[in-house]
Protein chains: 2
Amino acid sequence: MKRNSRLSLALHTLSHMAFDTEDAQTSADIADHAGTNPVVVRRVLGKLRSAGLLLSERGHSGGWRLARETKHITLADVYDALGESFVAPRGQTDARTCSVAQSLEVQVSQIMKDIEESLVERLSRTTIADIQNSTKREPSHAH
Amino acid sequence: MKRNSRLSLALHTLSHMAFDTEDAQTSADIADHAGTNPVVVRRVLGKLRSAGLLLSERGHSGGWRLARETKHITLADVYDALGESFVAPRGQTDARTCSVAQSLEVQVSQIMKDIEESLVERLSRTTIADIQNSTKREPSHAH
DNA sequence: GACACCCGTAACTGCTATTGTTACAATAAG
DNA sequence: CTTATTGTAACAATAGCAGTTACGGGTGTC
Ligand code: FES
Ligand code: FES
């Protein structure tokens, strides 16, 4: 898997689950179709559950289910749920740097924040269902 | 230093150098005022030189100079010079993934590319000189 | 109750990117 | 020739992330 594969994994899994909303899917199944490990799946999907996008059940015949229709899950919902951000998690603004550096920090941070906002806005315009609709019918794998 | 400190280092150094365009500055001096190491400085500034933003001279009384006025160096110039990018350096699009995943990849990549473009456009609107002008006169350190 | 199934989480490894550091060849000035 | 400085290679230290193993705890089946 590539860099920051969590978003890809989350989106792919949500799309995949929409094909069978009846049965709960186990992390092992999901890991298998995503080419990764069950624990990795549980880690990522756990964040989606915290954000209210998914439900999980323990024990026999447990697994993961969509908490709502993919028509009502946007890419921004997923992005937010993962807590990812282009804006560097600004550490304390080191009070002993010079005023020029501080000004730089402020201005660049502002631009990053604007861009981040713009990204989220773009992501919020597409739902998981939109992705599926833009795909040719009957993908090559069995559902 | 924090994550991806190269942009900060580059911008701060360019700003700093604008205060004294007469003398060349050594990487040791720059490293000192930036709180890092001369080799790190040479690595980062080397990219700015490749991009034509700086000039360097070897040997006695050598060092670094601005290749043009800070009025004509935008934040985008620096960003580009460093070769940084928010858009993940997309590896080969793994032909054996399912069509849904491919569709996801395409659509997310497109959004990222648009955002990247938008970021560069924003950065190109601010010059190094603008940063200095927005700073209170006489910063706390000596120039 | 015994068992099988499955999530939640901690702990560890391996990989990669980044930063810092030392070392040294090449180059230029005095 | 000596000194100053860049250019670069090599290496260590750190941090983040994907992957893996292990196990506790919950839940349905028998
Ligand atoms: S949507 Fe890609 S494996 Fe099902
Ligand atoms: S501009 Fe910050 S140390 Fe000079």
Side-chain angles (χ1 to χ4, degrees), chain A residues 1-13 17 23-51 53-67 81-91 94, chain B residues 1-10 12-13 17 23-51 53-67 81-91 94 97:
Chain A
M1 306 194 88
K2 301 177 288 291
R3 163 194 139 182
N4 216 6
S5 62
R6 285 167 299 189
L7 183 61
S8 298
L9 174 57
L11 293 175
H12 190 186
T13 301
M17 289 177 65
D23 305 317
Q25 311 236 336
T26 70
S27 57
D29 290 341
I30 296 169
D32 189 60
H33 90 253
T36 181
N37 189 284
V39 176
V40 174
V41 170
R42 293 201 287 266
R43 279 205 284 245
V44 173
L45 266 46
K47 295 189 176 186
L48 302 189
R49 185 195 46 211
S50 300
L53 305 181
L54 285 178
L55 301 173
S56 66
E57 288 167 33
R58 292 183 171 190
H60 199 111
S61 76
W64 300 83
R65 293 172 185 281
L66 289 169
L82 296 180
E84 310 210 332
S85 175
F86 283 155
V87 179
R90 287 300 155 196
D94 207 344
Chain B
M1 305 194 89
K2 300 176 288 290
R3 163 193 138 182
N4 217 4
S5 62
R6 285 167 299 190
L7 183 61
S8 298
L9 174 58
H12 190 186
T13 301
M17 290 177 65
D23 305 316
Q25 311 235 338
T26 69
S27 57
D29 290 341
I30 296 169
D32 189 59
H33 92 252
T36 183
N37 188 286
V39 176
V40 174
V41 170
R42 294 201 287 266
R43 279 205 284 245
V44 172
L45 298 195
K47 296 189 175 186
L48 302 189
R49 185 196 47 215
S50 299
L53 305 181
L54 286 177
L55 302 173
S56 66
E57 289 167 32
R58 290 184 171 190
H60 199 115
S61 76
W64 301 82
R65 294 170 186 281
L66 289 168
L82 296 179
E84 309 211 332
S85 174
F86 283 155
V87 179
R90 287 299 157 197
D94 206 345
T97 57

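Since the structure is predicted, the reported quantities are computational estimates derived from the model, not experimental observations. Chain letters run A, B, ... following the sequence lines, proteins first and then strands; every chain starts at 1.
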Apply side chain to side chain contact (heavy atoms under 4.5 Å, CB included) to B:L82 and B:L48, showing your working. CA-CA 7 Å; B:L82 296 179; B:L48 302 189; 4.1 Å; yes
Over how many whole Å does the gap from [X] atom [atom1] to [N] atom [atom2] extend?
X	N	atom1	atom2	answer
A:I30	D:dA18	CD1	C1'	17 Å
B:R43	C:dT18	CZ	P	11 Å
B:R42	D:dA9	CZ	P	13 Å
A:R65	C:dC6	CZ	P	12 Å
A:L45	C:dC6	CG	P	15 Å
B:E57	D:dT6	CD	C1'	11 Å
A:D32	D:dG19	CG	C1'	15 Å
B:L82	C:dT19	CG	P	10 Å

Looking only at heavy atoms, which two atoms of A:W64 and A:G46 are closest? And how far apart?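 Closest heavy-atom pair between A:W64 and A:G46: CH2-N, 3.9 Å.
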Is B:Q25 close to B:T13 at the side-chain level, that is, under 4.5 Å between some pair of heavy atoms? no
Min side-chain heavy-atom separation B:H33-B:H12 under 4.5 Å: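 The answer is yes; the side chains approach within 4.5 Å.
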Any donor-acceptor N/O pair, B:S5 side chain to B:S8 backbone, under 3.5 Å: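 No, because the side chain of B:S5 does not come within donor-acceptor range (under 3.5 Å) of the backbone of B:S8.
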Answer yes or no: does a side-chain N or O of [X] lie under 4.0 Å from OP1 or OP2 of [N]?
X	N	result
A:T26	C:dC6	no
A:T36	D:dG19	yes
B:S61	C:dG30	no

Given [options], identify the nucleotide with an atom nearest to the side chain of [X].
X	options	value
A:V39	C:dA23, C:dA10, D:dG19	C:dA10
A:R6	D:dT8, C:dC7, D:dA18	D:dA18
B:W64	D:dT20, C:dT19, D:dT6	D:dT6
A:N37	D:dT21, D:dT6, C:dC5	D:dT21

Determine whether any donor atom in the side chain of A:R58 lies under 3.5 Å from an acceptor atom in the base of D:dG28, or the reverse, and answer yes or no. no
